Structures are given as C-alpha cells and as structure tokens.
Number of protein chains: 2
Amino acid sequence: MLTHAAEDYLKSIYKLQEKGGKVSTGILAAYLDVKPASATGMIKKLKTMKLVRYERYRGVTLTETGKAIALEIIRHHRLLELYLFKALGVPWDGVHDEAEKLEHVISEDVEARMDEFLGYPTADPHGAPIPDKNGVVVQTASVPMTDLQDGQSCVVAEVSDNDSALLRHLGSFNLYPGTAFRVIEVAPFEGPFTIDIAGQQVVIGREVAKQIFVDEVQDPDNV
Amino acid sequence: MLTHAAEDYLKSIYKLQEKGGKVSTGILAAYLDVKPASATGMIKKLKTMKLVRYERYRGVTLTETGKAIALEIIRHHRLLELYLFKALGVPWDGVHDEAEKLEHVISEDVEARMDEFLGYPTADPHGAPIPDKNGVVVQTASVPMTDLQDGQSCVVAEVSDNDSALLRHLGSFNLYPGTAFRVIEVAPFEGPFTIDIAGQQVVIGREVAKQIFVDEVQDPDNV
DNA sequence: AAACTAATTTAGGCATACCTAAATTATATA
DNA sequence: TATATAATTTAGGTATGCCTAAATTAGTTT
C-alpha cells in the first residue's frame with residue numbers, strides 16, 4: 001500500500017497534468033505546499049514504483065498505473081464530499097478539508113455503500129466529475145465565466161473547491177452547480193460582472209469569476 | 001495535535017486501566033502489537049506531554065488530561081461504528097476495523113452530525129457505552145455469560161468488538177445486544193452452554209461465552 | 001543472601017517525509 | 001558566446017515511530 005503522502009503527490013500530478021502536460025518539480029511543490037527539494041525526493045520514489053515517468057530537470061508525468069491510483073483517490077475524495085454534503089449536511093465550504101483527510105483511509109466497501117446511497121452520482125457538490133469504479137471520467141465542456149459577454153445566459157457547471165471563503169461567498173449568491181444566470185453587463189478594463197440570478201442583481205468580481213465554469217451558454221437572440 | 005500512534009496508546013492505556021489499575025509496559029505493548037521497547041519510548045513521550053503518570057519499571061496511568069483525550073477517541077470510535085452500521089449498513093463484524101482508521105481523522109463537526117443523525121445514542125453495535133461530549137461514560141453492571149447457571153434468563157449487554165470471526169459467529173445465532181435468551185444447561189467440566197434463543201436451541205462454546213456479557217439476569221423461580 | 005528468571009529499559013538502526021543550504025543544470029539576456 | 005538568473009537537485013539534518021540486541025532492574029527461589 002502507498003503512504004498518504006505518495007497518494008497526495010499522485011493526485012496533485014494528475015490535476016496539474018490535466019491543464020498542461022508535463023508537471024515541473026516547482027509547480028508540484030508549490031501546489032502541495034512543500035519545498036521543491038521534498039518534491040524531488042518523492043518523485044524519485046514514485047519513479048522506482050513505476051507510478052511516474054521522470055527525467056531530471058524535465059518534469060514528471062503519470063504512468064497508466066499511477067493515473068489509475070490518482071483517479072481512485074480523486075473518486076474517494078469527490079464521493080466523500082458529496083456524501084458529507086447530502087447525508088450529513090456538512091456545508092459545501094467544509095466538505096473539501098474533511099474529505100482530504102478521509103480519502104486516504106476509507107475502504108472500498110464503505111465507498112461502494114456511499115455510492116449506492118447517493119444513487120451513483122457523477123459530480124461532487126462543486127460540480128467536479130466523479131470518476132467511476134474503473135477510473136472513467138466524464139468531463140463536461142465547460143467554459144470560464146470570464147469568457148462570457150453581455151446578455152449571455154448559462155448554468156453554473158463547476159467552481160473551485162479548495163477555497164473555503166470563496167465557496168461561502170458564492171453560496172451567499174446561490175451560485176451552486178446547476179444554477180442558471182444571465183450576464184447583464186461586463187464592466188470594461190477587466191472589471192466585474194453584473195449578473196441576474198433568479199431575478200436578483202448581483203456583482204461578481206473578476207478574480208471570483210475566474211473560479212467559476214459554466215455550461216449551456218446561449219446568446220440573447222437565441223432565446 | 002497528537003499523532004495517531006499517541007492517540008492509540010492513550011486509548012489502549014485507558015482500556016487496560018479499566019480492568020486492573022496500573023498498566024505494565026509489557027501488557028500495553030502486547031495489546032498494541034508492538035515490542036516493549038517501542039512502548040517505553042512512547043510512554044516517555046506521553047509523560048513529557050503530561051498525559052500519563054509513569055515511573056520506570058512501575059507501569060503507567062493516565063492523567064486527567066490523558067483520560068479526557070482517550071475518552072474522546074473512544075467516543076469517535078464507537079459513534080463511527082454505530083454510524084457505519086446504521087447509516088451505511090456495514091456488517092457489525094466490519095465496523096471495528098473501519099472505525100479504527102476513521103477515528104483519528106474525523107472532525108468534531110462531522111461527529112456531532114452523526115451523533116444527531118443517530119439520536120444521541122449511548123451504545124455502539126457491540127453494546128459498548130459511547131462516552132458523551134464531556135467524556136462521561138454510563139457503564140451498565142453487566143456480568144460475564146460464564147457466571148450464568150442452568151435456567152437463568154438474561155439479555156445480551158455487550159460483546160467483544162475486535163474479533164471479526166467471533167462477531168460473525170454470534171451474528172449467526174442472533175446474539176446481538178438486546179437479544180434475550182435462557183440458559184437450558186451448562187455442561188460440567190468447563191464445558192459449553194446450551195441456550196434457548198427465540199425458541200431455537202443453540203450451543204455456545206466456553207471461549208465464546210467469555211466474550212459475552214449479559215444484563216437483567218433472572219432466576220427461573222422469579223418468572 | 002546469592003543466583004536465576006522475567007520484565008523493562010537503553011542503545012543503536014531503519015524508513016518516511018519533511019526541512020535548509022549549497023551545488024548544479026537549464027534557460028534567457030546581453 | 002559568455003554571463004546572469006531561475007529552476008532543480010544533492011547533501012545533510014530533524015522528528016516520528018517502529019525494530020533488534022544488549023544491559024539493567026525487579027522479583028522469586030533456594
């Protein structure tokens with residue numbers, strides 16, 4: 001069995017690899033909040049286990065085996081988040097940290113029972129896809145909110161899950177995955193977004209908008 | 001925060017202390033399945049943290065602070081066992097090992113939510129008392145099954161929780177806490193017990209009977 | 001009381017996973 | 001192409017928690 005730290009490294013390499021191929025030691029270390037020297041050490045260990053491909057100074061990628069393990073941990077994490085949210089009513093800004101601890105210790109049996117309880121869900125409370133038992137991920141073709149123009153309508157697909165304060169902020173506007181809204185106006189000079197959400201007018205800062213991904217974008221004349 | 005290992009030591013010292021005052025290094029090491037030398041090392045560390053009283057060659061006892069932490073971990077463990085059993089349908093012979101891993105990582109918030117879901121229970125699936133939030137334990141005055149005589153009636157109060165095979169065996173006879181049975185005959189020479197349980201006649205070995213504790217014992221003439 | 005046995009502690013080592021500081025390699029700039 | 005800068009790796013150190021083997025202490029027996 002792998003250590004918790006090794007599992008965290010694999011999970012992080014997977015996520016960073018998703019947006020940009022090879023992962024550098026420095027990026028990985030920053031993501032995991034450890035020093036680059038520590039990342040080098042763990043990467044070497046993962047290489048001896050044939051879980052990553054690695055050439056010094058050239059970055060790291062997951063092997064098929066490594067990817068399968070990463071997806072298993074991510075599945076644990078997202079199922080746990082949804083379970084904590086739905087079964088125990090943990091607020092959505094709290095489920096990430098809790099799942100972070102539980103994902104390494106939960107058994108496959110308990111995971112299967114949570115999966116069944118939840119009706120074999122495909123997304124966690126932040127809209128992130130839950131890989132199935134075989135590691136198959138169904139990715140939706142969502143778009144960053146910052147790509148939206150005046151008048152466009154859409155549905156929240158996914159939001160970043162690791163910033164608790166951000167999630168509380170979004171929650172206060174009801175900006176959960178599945179929620180529909182319409183862009184009233186995008187301020188010029190990289191300014192904020194004014195949107196209509198269930199009749200309410202709300203202003204969303206640029207930095208916050210970058211953390212929101214949307215689906216089903218429709219232009220006003222398509223309505 | 002304490003390490004998982006330190007928490008396990010405190011929990012084990014508490015349990016051993018319950019049946020016999022001071023706890024020797026050797027007994028503790030055997031209980032935790034480590035070598036006596038390892039136990040000595042941890043005991044010294046716990047002493048510097050003022051969680052145990054310890055004099056070399058003289059055994060170890062918990063301080064008030066150490067006892068409070070031990071009871072907190074035990075509360076986590078038993079609430080988790082009951083939650084896994086009731087909410088997720090994990091069989092009672094599986095909940096101990098699962099809870100053993102989860103008890104160190106579950107938050108107080110999630111624990112409180114499980115407690116509420118379960119209706120503030122006072123016993124786990126094996127009949128062991130669940131300490132309350134303040135560490136208060138309500139101990140029932142149960143008696144070992146091996147003390148029973150021919151004809152006596154009683155109710156299962158508690159069974160050992162750490163032997164999965166034993167629990168499956170007991171489960172096959174419906175010998176859960178709360179189940180009533182009557183002793184038909186105790187075989188001589190430290191032999192087995194023949195009991196009546198819901199009309200069925202069942203034979204229980206001595207070694208198994210030692211792991212069963214019962215309540216509300218009544219003599220046949222009291223019926 | 002001396003000697004033996006059993007329990008316990010000390011001493012020295014190993015693996016994990018982090019750190020800092022120094023050395024190295026790669027890359028960009030002049 | 002030489003040099004400066006940035007990224008990365010190596011080297012050496014820390015803490016946890018386990019181990020084995022040797023030394024010590026306690027308790028029992030003769």
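Naming: A, B, ... by sequence-line order, numbering from 1 per chain. Small disclaimer: the values here were computed from a predicted structure and weren't measured.
Checking the phosphate oxygens (OP1, OP2) of D:dC18, a side-chain nitrogen or oxygen of B:Tyr9 falls inside 4.0 Å. The phosphate of C:dT9 has OP1 or OP2 within less than 4.0 Å of a side-chain N or O from B:Thr25. Listed pair A:Lys35 / D:dT8 fails the phosphate criterion, with no side-chain N or O lying under 4.0 Å from OP1 or OP2. In this structure, A:Ser24 does not reach the D:dA7 phosphate: none of its side-chain N or O atoms is under 4.0 Å from OP1 or OP2. The phosphate of D:dT10 has neither OP1 nor OP2 within less than 4.0 Å of any side-chain N or O from A:Thr40. At C:dC18, none of the side-chain N or O atoms of A:Ser38 fall inside 4.0 Å of OP1 or OP2 (strictly under the cut-off). For C:dT10, the OP1/OP2 oxygens have a side-chain nitrogen or oxygen of B:Lys44 closer than 4.0 Å. Contact annotation: B:Arg58 side-chain N/O to C:dT9 OP1/OP2 distance is not under 4.0 Å.
The CG atom of B:Leu28 sits 15 Å away from the C1' atom of C:dT9 (whole-angstrom rounding). With rounding to whole Å, B:Lys45 atom NZ is found 16 Å from C:dT9 atom C1'. At whole-Å resolution of the value, CD1 in A:Ile43 and C1' in D:dA7 are 12 Å apart. Here the C1' atom of nucleotide D:dA7 and the OH atom of A:Tyr54 are 11 Å apart, to the nearest Å. A:Glu55 has its CD atom 11 Å from the P atom of C:dA26, to the nearest Å. The interatomic distance linking B:Met49 (CE) with D:dG17 (C1') rounds to 12 Å, in whole Å. Rounded to an integer number of Å, the gap from CD of A:Glu7 to P of C:dT16 is 15 Å. Atoms NE2 (B:His4) and P (D:dA15) sit 20 Å apart, rounded to a whole Å.
Salt bridge A:Lys67/A:Glu64: absent, no basic N to carboxylate O contact under 4.0 Å. The pair B:Glu100-B:Lys11 meets the salt-bridge criterion, since a charged nitrogen lies less than 4.0 angstrom from a carboxylate oxygen.
With rounding to the nearest 0.5 Å, the separation of CG in A:Leu71 from CG in A:Leu62 is 8.5 Å.
Closest approach of A:Val138 and A:Pro129 over heavy atoms only: O-CB, 3.4 Å.
In this structure, A:Ala37 reaches the bases: a heavy-atom distance under 4.0 Å links it to at least one base atom across the strands shown.
For D:dT24, the base has a donor-acceptor partner in the side chain of B:Tyr57 [N/O atoms by modelled type, under 3.5 angstrom].
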- Task: For A:Ser164 and A:Arg168, run side-chain hydrogen bond (donor to acceptor under 3.5 Å, both in side chains): C-alpha distance rounded to whole Å, both residues' side-chain angles, the deciding distance at 0.1 Å, then the answer.
- Result: CA-CA 6 Å; A:Ser164 183; A:Arg168 276 192 298 278; 2.9 Å; yes

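Between B:Gly59 and A:Arg56, the one whose closest nucleotide on DNA chain C sits nearer the 5' end is B:Gly59.
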